[in-house]
Amino acid sequence: MEAGPALAWLLLLSLLADYLKAAQSRDFTVKDIIYLHPSKTRYCYTQHTMEVTGNSISVTKRCVPLEDCLSTGCRDSEHEGHKVCTSCCEGNICNLPLPRNETDATFATTSPINQTNGHPHCMSVIVSCLWVWLGLTL
């Protein structure tokens, strides 16, 4: 085999290897966020897995419905003593900071979670108190 074609293949493979190394992570653009945030999901979810020393092992961020945000906080993982902290928030790109402890691992909303008309539990307490008061005054 001549040196010319072998050198061309070597240069081509070198160029491909450099291209593959150059693929790096990037920040999301507004277009990405609109595409990744479906209309049925309202909250931003973050799960942060750390070593005992506090060094990050993995971070998962995604858009989720309310049900996925009802158990935020930190817990010790059974896998090699890792700590897993989970947080949720409502808003545009609200989950930039990573939860590292119980103080950070919260569920923050900008609007009430229960948006039904009236408060049935509150009404039952008021009616019960009214019945007791009426019973005492008669």
Side-chain angles (χ1 to χ4, degrees):
M1 184 176 214
E2 294 182 29
L7 182 60
W9 276 107
L10 181 65
L11 289 174
L12 180 63
L13 290 175
S14 174
L15 183 65
L16 284 173
D18 286 341
Y19 175 76
L20 293 175
K21 287 181 194 175
Q24 297 175 357
S25 63
R26 63 177 175 82
D27 288 336
F28 286 116
T29 64
V30 173
K31 183 178 177 183
D32 294 331
I33 292 167
I34 292 169
Y35 175 73
L36 293 173
H37 200 301
S39 62
K40 293 183 182 181
T41 59
R42 179 175 173 176
Y43 303 101
C44 299
Y45 170 92
T46 303
Q47 183 180 58
H48 183 205
T49 305
M50 299 164 279
E51 294 176 338
V52 177
T53 59
N55 293 331
S56 296
I57 296 172
S58 69
V59 175
T60 302
K61 294 188 176 200
R62 64 179 183 259
C63 300
V64 297
L66 173 66
E67 294 77 29
D68 292 353
C69 288
L70 298 179
S71 60
T72 58
C74 294
R75 61 179 170 77
D76 291 325
S77 173
E78 295 177 9
H79 181 69
E80 299 180 21
H82 296 156
K83 181 179 180 181
V84 179
C85 292
T86 303
S87 66
C88 282
C89 57
E90 177 184 21
N92 189 16
I93 316 173
C94 60
N95 64 339
L96 289 178
L98 295 177
R100 296 186 171 276
N101 53 42
E102 287 292 335
T103 304
D104 300 334
T106 60
F107 181 20
T109 62
T110 58
S111 60
I113 293 175
N114 185 1
Q115 294 186 358
T116 59
N117 291 335
H119 301 283
H121 177 69
C122 184
M123 288 302 287
S124 65
V125 170
I126 291 171
V127 169
S128 298
C129 290
L130 190 59
W131 280 109
V132 170
W133 181 74
L134 285 173
L136 292 175
T137 57
L138 294 177

**Study point:** Co-members of V59 in a cluster of I, L, V, M, F, W and Y side chains, linked at under 4.5 Å
**Key:**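 ILVMFWY cluster around V59 also holds L98.
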Practice item. Output every pair passing ring-ring contact (aromatic ring centres under 6.0 Å, His included) with a member in residues 53-78, not counting sequence neighbours, ordered by first then second residue. Key: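 As it turns out, there is no ring-ring contact (aromatic ring centres under 6.0 Å, His included) pair with a partner in residues 53-78 once direct neighbours are skipped.
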Exercise for review: With sequence neighbours excluded, tell me which residues meet side-chain hydrogen bond (donor to acceptor under 3.5 Å, both in side chains) with S56.
Suggested key: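 In terms of side-chain hydrogen bond (donor to acceptor under 3.5 Å, both in side chains), with neighbours along the sequence ignored, S56 is linked to H48.
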**Study point:** For T86, side-chain hydrogen bond (donor to acceptor under 3.5 Å, both in side chains) partners two or more places apart
**Key:**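 T86: no side-chain hydrogen bond (donor to acceptor under 3.5 Å, both in side chains) contacts found.
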Exercise for review: Using the test ring pair (Phe, Tyr, Trp, His ring centres under 6.0 Å), find all partners of F107 that sit at least two apart in sequence or belong to another chain.
Suggested key: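 By the ring pair (Phe, Tyr, Trp, His ring centres under 6.0 Å) rule, F107 matches Y43.
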Once salt bridge (charged side-chain N to carboxylate O under 4.0 Å, His left out) is applied, what residue pairs with a partner in [range] remain, sequence neighbours excluded?
{"range": "residues 45-69", "answer": "none"}
{"range": "residues 77-86", "answer": "none"}
{"range": "residues 90-108", "answer": "R42-E90"}

Review point. Is there a path of hydrophobic side-chain contacts, each under 4.5 Å between heavy atoms of I, L, V, M, F, W or Y residues, that connects L66 with V64?
Key: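 As far as the 4.5 Å side-chain criterion goes, V64 and L66 are connected within one cluster.
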Check your understanding: For the atom pair OG1 (T46) and CG (N95), what is the distance rounded to the nearest 0.5 Å?
Key ->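 Output value for this atom pair is 3.5 Å.
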Check your understanding: Between atom OG of S87 and atom OH of Y45, what is the distance when rounded to the nearest 0.5 Å?
Key ->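 That separation rounds to 9.0 Å.
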Review point. Who pairs with S77 by side-chain contact (heavy atoms from CB on, under 4.5 Å), at least two apart in sequence or on another chain?
Key: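 For S77, the residues satisfying side-chain contact (heavy atoms from CB on, under 4.5 Å) (neighbours in sequence not counted) are R75, H79, H82, V84.
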Exercise for review: Give a yes/no on whether the SG-to-SG distance for C44 versus C89 is below 2.5 Å.
Suggested key: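 A disulfide is absent here, as the SG pair of C44 and C89 is separated by 2.5 Å or more.
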Point to revise | Over all atoms of both residues, closest heavy-atom pair of A105 and C85 | key: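 Between these two residues, the closest heavy atoms are CB-CB, 4.2 Å.
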